[in-house]
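Below: the structure, in structure tokens.
Residue numbers start from 1 in every chain, and the chains themselves are labelled A, B, ... in the order their sequence lines are given, proteins ahead of strands.
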2 protein chains.
Amino acid sequence: MPAIAIGPLADETGIKIPTIRYYEEIGLLPSPPRSRGNRRLYPMAAIGRLRFIRHARDLGFDIDAIRQLLTLADQPDHSCAEADRLARIHLDDIESKIARLEALRDEVRHMVADCAQDRIRQCRVIEVLADHGQCRHDHPPASSPVINNR
Amino acid sequence: MPAIAIGPLADETGIKIPTIRYYEEIGLLPSPPRSRGNRRLYPMAAIGRLRFIRHARDLGFDIDAIRQLLTLADQPDHSCAEADRLARIHLDDIESKIARLEALRDEVRHMVADCAQDRIRQCRVIEVLADHGQCRHDHPPASSPVINNR
DNA sequence: TCTTGCTTCTCTAGTCGCTAGAGATTGTAG
DNA sequence: CTACAATCTCTAGCGACTAGAGAAGCAAGA
Ligand SMILES: [Zn+2]
Ligand SMILES: [Zn+2]
Ligand SMILES: [Zn+2]
Ligand SMILES: [Zn+2]
């Protein structure tokens, strides 16, 4: 049966080789069989699986959600309620991150706009940073990670 | 001269004790003198410095920018151009993060809205994740970290 | 003085999702 | 047979903390 090595698989999916190995290590992608020389030989289906992972990552889903989504994707007859729920949770998350960033944006924008561009002594940026009481709107006091990396 | 211990300092500034020690370790906050029993005894000025750090972190500045901003804050006669520049860079950063998150939001929103809530086989969420070609708008292929944590 | 209990100390390791590099081996084309 | 490319394992690093272990210091009450 046809198989694909890790390099071509990386090219096909846009996921780097070390990342593919990392996904295997954390159990997101099943360990493929090996060649006589101990190299990974993936079934062609791995392409689709990795593309799914990649797209979900690009859309900001975290690994744990992707793990669940992959499990669901393998059960075509099952209700899709859980998949939809995961997507909605992610949507809420994105929206709250946007809200927080918009608050930060407004605050930083004001700092920059209000500065008369003179000495540090009168710099609005430094002043506001030194005292949250100088903030116009109130931005949240910072919380959870704002989104996963990449 | 008056001094403050790490616990009260944490209470005053809202920064946790291990984080204060971490800031010392990375050279963001100078090492304070110690008591006979080896405990940190901060000058009262440390309160202001930590509040500055906290506020800047809450506004999403990264540690490196904060390091520079603190240095600038100590030079009242210097021009504030550099401080303003750092703030503008941060503003641009926030804005591009918002733009990216808005693209993700639109995409995920559509996935959820378009799903007929039936079997996984026809689940729009799973379908779209499996194939970026099904995306309506094009979201960026993921890139740099979206914002620093907390 | 002794004890109780809180605070602080140092040190290590874990978080998330990778990324980079060293050094060894395997595979392939000319 | 010789290059050279691809892959292997393993370790360590990123940013900005957070959590926990185990030891030591310190203040107040009995
Ligand atoms: Zn200024
Ligand atoms: Zn503020
Ligand atoms: Zn669905
Ligand atoms: Zn897409």
From B:Arg105 atom CZ to A:Leu91 atom CG, the distance as rounded to the nearest 0.5 Å: 8.5 Å
Using whole Å, report how far OH of A:Tyr22 lies from P of D:dT9. 17 Å
If you define the side chain from C-beta out and look only at heavy atoms, does anything of A:Cys80 sit under 4.5 Å from B:Asp118? no
B:Arg49 and B:Leu29: which non-hydrogen atoms are nearest, and at how many Å? CD-CD1, 4.1 Å
Do A:Leu28 and A:Tyr22 have side chains that approach each other closer than 4.5 Å (heavy atoms only, starting at C-beta)? no
Whether B:His90 side chain and B:Leu59 backbone form a donor-acceptor pair below 3.5 Å: yes
Between C1' of C:dT19 and CD1 of A:Ile20, the distance in whole Å: 14 Å
A:Lys16 has an atom NZ; how far is it from atom P of C:dG21, in whole Å? 11 Å
Toward the 5' end of DNA chain D, which comes first, B:Arg36 or B:Asp64, by nearest nucleotide? B:Asp64
Could you check whether atom CG of A:Asp138 has more than 12 heavy atoms from other residues, nucleotides or ligands sitting under 6.0 Å from it? no
Closer than 3.5 angstrom, by distance alone: can the side chain of A:Thr19 be matched with the main-chain N or O of A:Ile15 as a donor-acceptor pair? no
Whole angstroms only, please: what is the CZ-C1' distance between B:Arg67 and D:dG15? 12 Å
Base-pair map of DNA chain D as dot-bracket, where | denotes pairing with a different strand and pairs are Watson-Crick or G-U under 3.5 Å: ||||||||||||||||||||||||||||||
In the structure I gave you, are the side-chain heavy atoms of A:Tyr42 and A:Leu50 within less than 4.5 Å of one another anywhere? no
Contact under 4.0 Å: B:Ser35 side-chain N or O vs D:dG25 OP1/OP2: no
In terms of heavy-atom contacts, B:His139 and B:Leu104 come closest through CB-CD2, 4.2 Å
Nucleotide N/O to protein N/O under 3.5 Å, stretch nucleotides 10-13 of chain D:
none

With a 3.5 Å distance limit and no angle check, can you tell me whether B:His55 reaches the backbone of A:Leu129 through a side-chain donor-acceptor pair? yes
Could you state the atom-to-atom distance from CG of A:Leu29 to C1' of C:dC18 in whole Å? 15 Å
In whole angstrom, give the distance that lies between atom CG of B:Asp93 and atom C1' of D:dG15. 14 Å
For B:Asp114, does its backbone N or O pair with a side-chain atom of B:Arg124 as donor and acceptor, under 3.5 Å? no
Measure the spacing between CZ of B:Arg21 and NZ of B:Lys16 and express it to the nearest 0.5 Å. 13.0 Å
Does D:dA16 have OP1 or OP2 sitting under 4.0 Å from an N or O in the side chain of B:Thr19? no
Between D:dG25 (C1') and B:Arg34 (CZ): distance, integer Å: 13 Å
Tell me whether the side-chain N/O atoms of A:Tyr23 come closer than 4.0 Å to OP1 or OP2 in C:dG17. no
Strictly under 3.5 Å: I want the nitrogen or oxygen pairs between protein and nucleotides 2-6 of chain D, one per line.
from  : atom 1 : to      : atom 2 : distance (Å)
D:dA6 : N3     : A:Arg39 : NH2    : 2.9

Rounded to the nearest angstrom, tell me the gap between atom CZ in B:Arg40 and atom P in D:dC26. 14 Å
